[in-house]
Structures are given as structure tokens and as C-alpha cells.
Amino acid sequence: MKESKELLYPTKWLSKASAGDRVTYELRMQIISGLIESGTTLSENKLATDFDVSRSPIREALKTLASENLIRLERMGAIVLGLSDKEIEEIYDVRLLIETFVFERLVKLDTKDLVKELSKILEMMKIAIKYQDADEFSFQDVLFHETIIRAINHSYIMMIWNNAKPVMEAFILLSMRVRFEKNYEDFPRIVKNHQLYIEAIDTKNRDLMIQSLHQNFDDVQGKVDDLWRSQQMLSKGVDLE
């Protein structure tokens, strides 16, 4: 996108991305944030001008976003659909189902290396908190959960995760930016929740696993209001800083 417009998606995460991917990630963020409102008509020609690319990457991006039900394709463009509160809750239901299944598989596996890897990621999350880096914290948070899911080496579970990940990642980025700004003092509790995850995996304690899952996901779902507040602020052109 032209330099005059601030990007919502972290550009450092897109160093090896194609032009189509760059457009996809940024449009997804703008739609989920509410910067581009539901009902808006997206024109291929205007998007190509805004992002300073040809129409081919735009078509690629619109096709991906349509598969995520964020837009409805029309001739030479699309209509923005956005997501409802119910759909957001359903996305986190999918996360809960995936990780509940994964935990049951982990009980039967040697998890020593996984525990070490998760502990390293948690340390990176703590550093991001120390330096108030919401984007880095979000990156490490997603990596933490993806590392748990990858540990069971289940191709179809990974397929489900990868399909849901882009939208979930956008939610996490937006909500964490708001939380760093408005509820920074809440992060020690978040770290504790993730530490509980690690302890549950290390001890193979199902009761602790259930507790850690619910503490994490009830917390996430409870922060949907933060996400919508960030959407409203962005839609009105309010600078979070």
C-alpha cells in the first residue's frame, strides 16, 4: 500500500510474502477491525491503486477473503460482510475443540522437548510485555498454541488450524494492541495462564489441562468487547496511541 496510508498488519511479518498475500493480510485486518465497514463495496481498480499493485494480486486476495466469508465476490469487486459476534465465538469454539483434542493426544506422548520449547516461547512473551510490544507478543502467543498443536503431528488437525489461523491472528493482534494500551496490568495473569498450560502438559494432568484451557479461552472470549472497541476506534479514525 502507498506509504501515505498506515498499515494495520505488521510489515515485518511479510518479508517473503507475495503481493497477493500482502494485500490479503492488510485487507483482512481492515475488515475485521471495522476500518472497512460491512456493506462496503470493494472495487478491484481502486484497490489496485490503493495498494499500488496490478489487479491480479487483488483478485487473489479477494478470492481468499471470500473463502473466509469476510466478503462476497461480485463482478469486478466484492461486498464486505465482516463477522458477527456469534461467528467470533464460533472461531474460538474451534480453537477450544482443537486444543482439547490435542491435549488428550499429548497425554500419550513424551512432552519433555515440547515443554522446553513452550518455556522458551513464554520467555519471549515476557520480553514483549516488558518492552510493551503488542505485535511481538501476539506473534509469540500464536506460536505458543501452534507449537502445542504441531506436537501431535496430525495433518488434518493442522489443516483446520491453518484455515482458521489468519482470522484468529487478526483478532489477537487487534485485541492485544488495545489491551497493551488499556489493560497493561493484566499481562501477569495472562503469563500465569500460559504457565499453567505448560504445567498441564508436563504433568499430564487432565484436570489441570481442563483448568488451563478454560482459563485461557474464557479469558480470550471475555475480551471480545475489547476487540469491538478497537474496531470502533479505528472506524472513527481514532489513534490508539
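As a basis for the values below, the full set of heavy atoms in this structure was taken, side chains included, without hydrogen atoms, waters or symmetry mates.
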### Task
Determine yes or no for a side-chain-to-main-chain donor-acceptor pair under 3.5 angstrom, with Ser18 supplying the side chain and Asp21 the backbone.
yes
### Task
Tell me who clusters with Met159, hydrophobic residues only, linked when side chains sit under 4.5 Å apart either directly or through other members.
Tyr156
### Query
Would Leu81 and Ile88 show up in the same hydrophobic cluster when neighbours are defined by side-chain heavy atoms closer than 4.5 Å?
no
### Query
Quick one: ring-ring contact (aromatic ring centres under 6.0 Å, His included) partners of Phe144, sequence neighbours excluded?
His194, Tyr197
#### Entry: Lys/Arg-Asp/Glu bridge criterion (N-O < 4.0 Å) met for Arg177, Asp135
yes
### Query
Could you walk me through whether Phe171 and Met29 pass the side-chain contact (heavy atoms from CB on, under 4.5 Å) check?
CA-CA 8 Å; Phe171 285 143; Met29 286 287 286; over 6 Å; no
### Task
For salt bridge (Lys or Arg N to Asp or Glu O under 4.0 Å), just list the numbers for Glu123 and Lys126, CA-CA rounded to whole Å, side-chain angles, deciding distance to a tenth of an Å, and then say yes or no.
CA-CA 5 Å; Glu123 289 304 310; Lys126 292 177 183 177; 3.1 Å; yes
### Message
For the backbone of Lys112 and the side chain of Asp110, can you confirm whether one donor and one acceptor N or O come within less than 3.5 Å of each other?
### Response
yes
## Note on the structure
Output for pair (Met209 CE, Leu196 CG), nearest 0.5 Å, gives 11.0 Å
### Task
Using distance alone, with no hydrogens and no angle criterion, decide if Tyr9 and Glu169 have a side-chain donor and acceptor under 3.5 Å apart.
yes
### Query
Can you tell if the side chain of Val178 reaches within under 4.5 Å of the side chain of Glu181, non-hydrogen atoms only?
no
### Query
Below 4.5 Å, heavy atoms only, C-beta onward: do Glu136 and Met125 meet side chain to side chain?
no
### Task
Step through the shown structure and confirm whether more than 12 heavy atoms of other residues, nucleotides or ligands are within 6.0 Å of NZ on Lys204.
yes
### Message
Can you tell me how far apart CG (Asn183) and CD1 (Ile190) are? Round to the nearest 0.5 Å.
### Response
8.5 Å
### Task
Measure across Ile201 and Thr111 and return the closest heavy-atom pair with its distance rounded to 0.1 Å.
O-OG1, 3.3 Å
### Query
Would you say Ile79 and Val23 are hydrophobically clustered, going by side-chain heavy atoms of ILVMFWY under 4.5 Å?
no
### Query
Honestly curious: do Trp161 and Leu109 fall in one hydrophobic cluster under the side-chain, below-4.5 Å linking rule?
yes
### Message
Looking at Met158, is its backbone amide N or carbonyl O close enough to the side chain of Asn162 to form a donor-acceptor pair, meaning the two atoms are under 3.5 Å apart?
### Response
yes
### Message
Testing the basics here: between Glu44 and Leu62, what is the closest heavy-atom pair and its distance to 0.1 Å?
### Response
CG-CD1, 4.1 Å
### Message
Name the residue from Leu106, Asp202, Ile152 that meets the side-chain contact (heavy atoms from CB on, under 4.5 Å) definition with Leu114.
### Response
Leu106
### Message
With ring pair (Phe, Tyr, Trp, His ring centres under 6.0 Å) as the rule and sequence neighbours excluded, what pairs involving residues 64-90 come up?
### Response
none
### Query
Can you tell me if Thr64 uses its side chain to pair, donor with acceptor, with the backbone of Glu60 under 3.5 Å?
yes
### Query
For the atom pair CD1 (Ile98) and CD (Glu146), what is the distance rounded to the nearest 0.5 Å?
10.5 Å
#### Entry: Side-chain ion pair, Glu89 and Lys86, N-O less than 4.0 Å
no
### Summary
When rounded to the nearest 0.5 Å, the distance separating CG of Leu27 from CZ of Arg22 is 14.0 Å
### Task
Measure the shortest side-chain to side-chain distance between Thr49 and Lys46 over non-hydrogen atoms and say whether it is less than 4.5 angstrom.
no
### Query
What's in the same ILVMFWY side-chain cluster as Ile127, cut-off under 4.5 Å, chained through other members?
Met124, Tyr131
### Task
Report the C-alpha distance between Met168 and Val142 in whole Å, list the side-chain angles of each, state the deciding distance to 0.1 Å, and finish with yes or no for side-chain contact (heavy atoms from CB on, under 4.5 Å).
CA-CA 9 Å; Met168 288 191 296; Val142 173; over 6 Å; no
### Message
Phe139: which residues meet the ring-ring contact (aromatic ring centres under 6.0 Å, His included) condition with it, sequence neighbours left out?
### Response
Trp13
#### Entry: Check: Arg55 side chain, Ala48 main-chain N or O, donor-acceptor pair, under 3.5 Å
no
### Query
About how many Å separate CD1 of Ile31 and CG of Leu8, when rounded to the nearest 0.5 Å?
11.5 Å
### Query
Looking at Ile148 and Val102, what are the two nearest heavy atoms and their distance?
O-CG1, 3.4 Å
### Task
Mind listing the closest non-hydrogen atom pair of Ala61 and Gly20 along with its distance?
CB-O, 3.9 Å
### Arg28 bridged to Glu26 by N-O distance under 4.0 Å
no
#### Entry: Nearest-0.5 Å distance that lies between atom CZ in Phe103 and atom CG in Leu208
8.5 Å
### Query
For Thr40 and Glu37, which heavy atoms make the closest approach, and how far apart are they?
OG1-O, 2.7 Å
### Query
Going only through I, L, V, M, F, W and Y residues with side-chain contacts under 4.5 Å, is there a path from Ile198 to Ile210?
no
### Message
Are Ile91 and Leu83 packed together at the side-chain level, in the sense that at least one heavy-atom pair is separated by less than 4.5 angstrom?
### Response
yes
### Met76 with Leu73, same ILVMFWY side-chain cluster at under 4.5 Å
no
### Query
Looking only at heavy atoms, what is the nearest atom pair of Ile71 and Val80, with distance?
CG2-CA, 4.1 Å
### Query
Going by the ring pair (Phe, Tyr, Trp, His ring centres under 6.0 Å) test, which pairs reach into residues 57-87, not counting sequence neighbours?
none
